[in-house]
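Just so you know, these numbers use all the heavy atoms, side chains as well, and skip hydrogens, waters and symmetry mates. Every chain is numbered from 1, with letters handed out A, B, ... down the list of sequences. Remember, predicted model here, so these are calculated numbers, not experimental data.
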Amino acid sequence: MSSNVSRETLASVLDEIALLLEIEGENPFKIRAYRQGAETVRSYDGDIVAMAREGELEGIKGIGKALQDKLHELATTGTLGFHQNLRGNYPETFFELFEIDGLGPKKVAAVHKKLGIDSIDGLRKACEASELAALSGFGKKTEQKILEAIARREQFADRFHLDAAAHAASVILARLKEHPDVLRAQYAGSLRRSKETVGDLDFIVATSKPAELTRYFAEMDLTDHVIVHGDTKCSIHLENGLQCDLRAVSNDEYPFALQYFTGSKEHNVALRSRALKQGLSLNEYGFSGSSEIPEVHEERDIYSALGLDYVDPALRENRGEIEAAEAGTLPELVSWEQLCGTFHNHTTASDGRDTLHEMAEAAIDLGLTYLGIADHSKSSFQARGLDEERLLTQIEEISAWNSEHGESLRIFAGSEVDILKDGSLDFDDSLLAQLDYCVASVHNAFTLDEKTMTQRIIRAMENEHVTMLGHLTGRLLLKRDEYAVNHDKIIDCAAETRTIVELNCNPRRLDMDWRWWKKARDKGVRCSINPDAHRTEQFQYLRFGADVARKGWLRKQDVINTMNLEEVEAFLALPKSSR
DNA sequence: GCCGTTTTCGGCCCGACTGTTTTCAGTCG
């Protein structure tokens, strides 16, 4: 009776059960219970896999008796009889069908039952042979839309990196604000909440002419094609496949629509149930109900009407922010303007595009007062990592810069030193001691098991010369999964050894993940927001870094690069154990 | 299937839009 299932396995089995129950036409509330169970498993703050294995799940909201038993069976045996029975003979490809826009459980069930379709490939062939239009509830247009959705799915990713989404959003938002009938406009959704990747963009405009605005949106030159177009909402795809939704509402409704479409869904559910207890019903258009209706002009008025402090959009994930808003204990979050410098940046010495001088000038232009250079070490030969000799030369070069231009920008000499497979470092301690600081990162042997990988990283953190840990999990968003590492143990070790943990704010990484920062912060772990810039423009990533740090509940005092130059120099001069 | 300051039974969000209908079911957010 032992197995090694992951948290994600537990959650995705519950999700798959929900999908299969939908196909069977089960009670929608039962289906929702499984979905919420999956979400609870994903976001639970504790080792829920061990708890499931030990049968200690009682008392977790959203996991009742039935789900407790199922999770226990899954965690101990690795499979779940109920799930296996439900799955029956559906092949793995069957579940792809739900990824097609416009296809829901009812339509999937129909094509499966009537035409025996169990893959996207089969669906395409049936559409091309006009077999679908013969089914009741289907027609020519449905076939056409399905074919388009299949083609789009093959051509484009279904999620986008934060920088691409933020760029598109700023362009479209500017376009909306240009319109003379727009009173207020903002983007909402997961971008406003600074999620690590974005599935679509949501825009809210306040206007007295909603139909005019949805027409304007549909006819923008940025619009590749229109998905839906009504009097108050319009959805389009951009050329790059990114879906954008517009909601046009009255000025009075605007704060409610902005709040509602910013989400998260979980945050909104909690907010609405709180409203109900006060005799108020809350939806995307306003308050209603038996109690006196509060006056609302801004989003923050909605929160204060419910007896809550204003909750920053980044925190709206129903992970304790509503309780903190009620108690008046929400953190004062770090902001981008508070960042005085940055560590972990590359130059042409290793795999950067711009020279030390170009990077320095760009940092000055951005208003930074210090800049950490951390080029790769020799084992990262694919990145032209520096050997001992070249690193010593770079230290001299930096020293020369500081003598000449130190008034405008202090450069710190560092290294992004490889953590080798056994946890030792790519340079000797004697060389590391000559640096101002050092970032230690894993760049190879990604497939070690969790225990070995965790031990490897811990050994590196125990080195007194390792100032900070680079991109903890090595994930590349939308491209490469994180390697196996025990976050809890790393966080404990970072607290103990006074090792700073990097928030790598390259939008392809955003690593360590925002979900872990509050726990790390509460244990006294400090964060360094690092752009991992390989070219001057990438200093702009610091903005995403501050957004994601906010999402992780971080305050100014938790982030070392909010220190001014004098403070950070004094900090780095201290022995590691006293920092 | 879950939950409890309306409750251990009876709720659980619902409005906008589309396509296929001929008054509405399905999907999405």
Side-chain angles (χ1 to χ4, degrees), chain A residues 14-15 17-18 20-40 57-71 82 86 97-111 132-146 148-149 188-190 199-204 210-211 214 218 226-236 243-249 253 256-257 259-290:
Chain A
L14 295 186
D15 271 334
I17 289 172
L20 291 160
L21 292 176
E22 272 188 312
I23 289 284
E24 313 254 306
E26 252 287 7
N27 174 359
F29 299 109
K30 185 190 281 197
I31 292 160
R32 183 193 297 176
Y34 277 96
R35 290 244 157 78
Q36 281 178 346
E39 227 20 71
T40 302
L57 291 169
E58 198 155 340
I60 300 177
K61 201 165 177 298
I63 313 277
K65 189 77 187 80
L67 261 61
Q68 287 172 33
D69 290 345
K70 290 186 172 74
L71 290 171
F82 178 74
L86 217 48
L97 293 172
F98 293 91
E99 293 167 20
I100 303 296
D101 280 337
L103 269 198
K106 294 284 158 44
K107 287 205 162 92
V108 168
V111 298
L132 258 66
L135 302 182
S136 115
F138 291 75
K140 265 271 150 257
K141 278 204 161 176
T142 311
E143 282 182 340
Q144 200 50 45
K145 291 223 158 189
I146 288 173
E148 286 167 16
S190 52
D200 56 25
L201 298 179
D202 300 283
F203 298 90
I204 315 294
T214 57
V226 176
I227 306 164
V228 298
H229 180 185
D231 287 343
T232 64
K233 74 173 272 191
C234 179
S235 297
I236 60 159
Q243 180 175 331
C244 301
D245 300 339
L246 176 73
R247 301 275 173 159
V249 296
E253 291 163 339
F256 294 95
Q259 195 288 320
Y260 184 92
F261 289 106
T262 295
S264 68
K265 196 176 68 191
E266 293 76 16
H267 175 88
N268 287 350
V269 168
L271 218 56
R272 285 198 300 272
S273 79
R274 186 179 172 87
L276 279 175
K277 286 179 192 156
Q278 296 184 23
L280 288 168
S281 168
L282 172 65
N283 66 19
E284 62 263 55
Y285 302 111
F287 279 124
S288 59
S290 47

Check every strand shown and say whether [X] touches a base, only sugar-phosphate, or nothing at a heavy-atom separation below 4.0 Å.
| X | answer |
| --- | --- |
| A/K145 | sugar-phosphate |
| A/P28 | nothing |
| A/D231 | sugar-phosphate |
| A/I31 | nothing |
| A/N283 | nothing |

Study note, to complete from the structure: Comparing A/L67 with A/K265, nearest DNA chain B nucleotide closer to 5' gives the residue A/L67
Review point. Closer to the 5' end of DNA chain B via nearest nucleotide, is it A/Y260 or A/E143?
Key: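 The answer here is A/Y260.
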Between [N] and [X], is there an OP1 or OP2 to side-chain N/O distance shorter than 4.0 Å?
| X | N | answer |
| --- | --- | --- |
| A/S136 | B/dT20 | no |
| A/S235 | B/dC17 | no |
| A/R35 | B/dG1 | no |
| A/Q243 | B/dG29 | yes |

Check your understanding: Are A/Y260 and A/Y285 near enough that their ring centres are under 6.0 Å apart?
Key ->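 Not under 6.0 Å, so no.
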Review point. Does any N or O donor sit under 3.5 Å from an N or O acceptor when you compare the side chain of A/D202 with the base of B/dG29?
Key: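 Check fails, no donor-acceptor contact within cut-off.
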Exercise for review: With C1' as the reference atom in both, quote the distance from B/dG1 to B/dT5 in angstrom, rounded to an integer.
Suggested key: 23 Å
Review point. Rounding to the closest angstrom, what is the interatomic distance between B/dC13 and B/dT27 at atom C1'?
Key: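 Nearest-Å result for B/dC13 against B/dT27 at atom C1': 16 Å.
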Check your understanding: What nucleotide among B/dT18, B/dC2, B/dT20 has an atom nearest to a side-chain atom of A/T142?
Key -> B/dT20
Review point. Syn or anti for B/dT22, taking syn as within 90° of 0?
Key: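 Anti, angle beyond 90° from zero.
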Check your understanding: In the structure shown, which nucleotide is the Watson-Crick or G-U wobble counterpart of B/dT8, with both distances under 3.5 Å?
Key -> none
Exercise for review: List for me each residue that meets salt bridge (Lys or Arg N to Asp or Glu O under 4.0 Å) alongside A/K265, sequence neighbours excluded, and say none if there are none.
Suggested key: none
Exercise for review: Would you confirm whether A/E143, through its side chain, and A/A133, through its main-chain N or O, come within 3.5 Å as a donor-acceptor pair?
Suggested key: yes
Review point. Quick one: do A/R247 and A/E253 make a salt bridge, cutoff under 4.0 Å?
Key: no
Exercise for review: Return the orientation label for the A/F82 and A/Y34 ring planes: parallel under 30°, perpendicular over 60°, tilted otherwise.
Suggested key: parallel
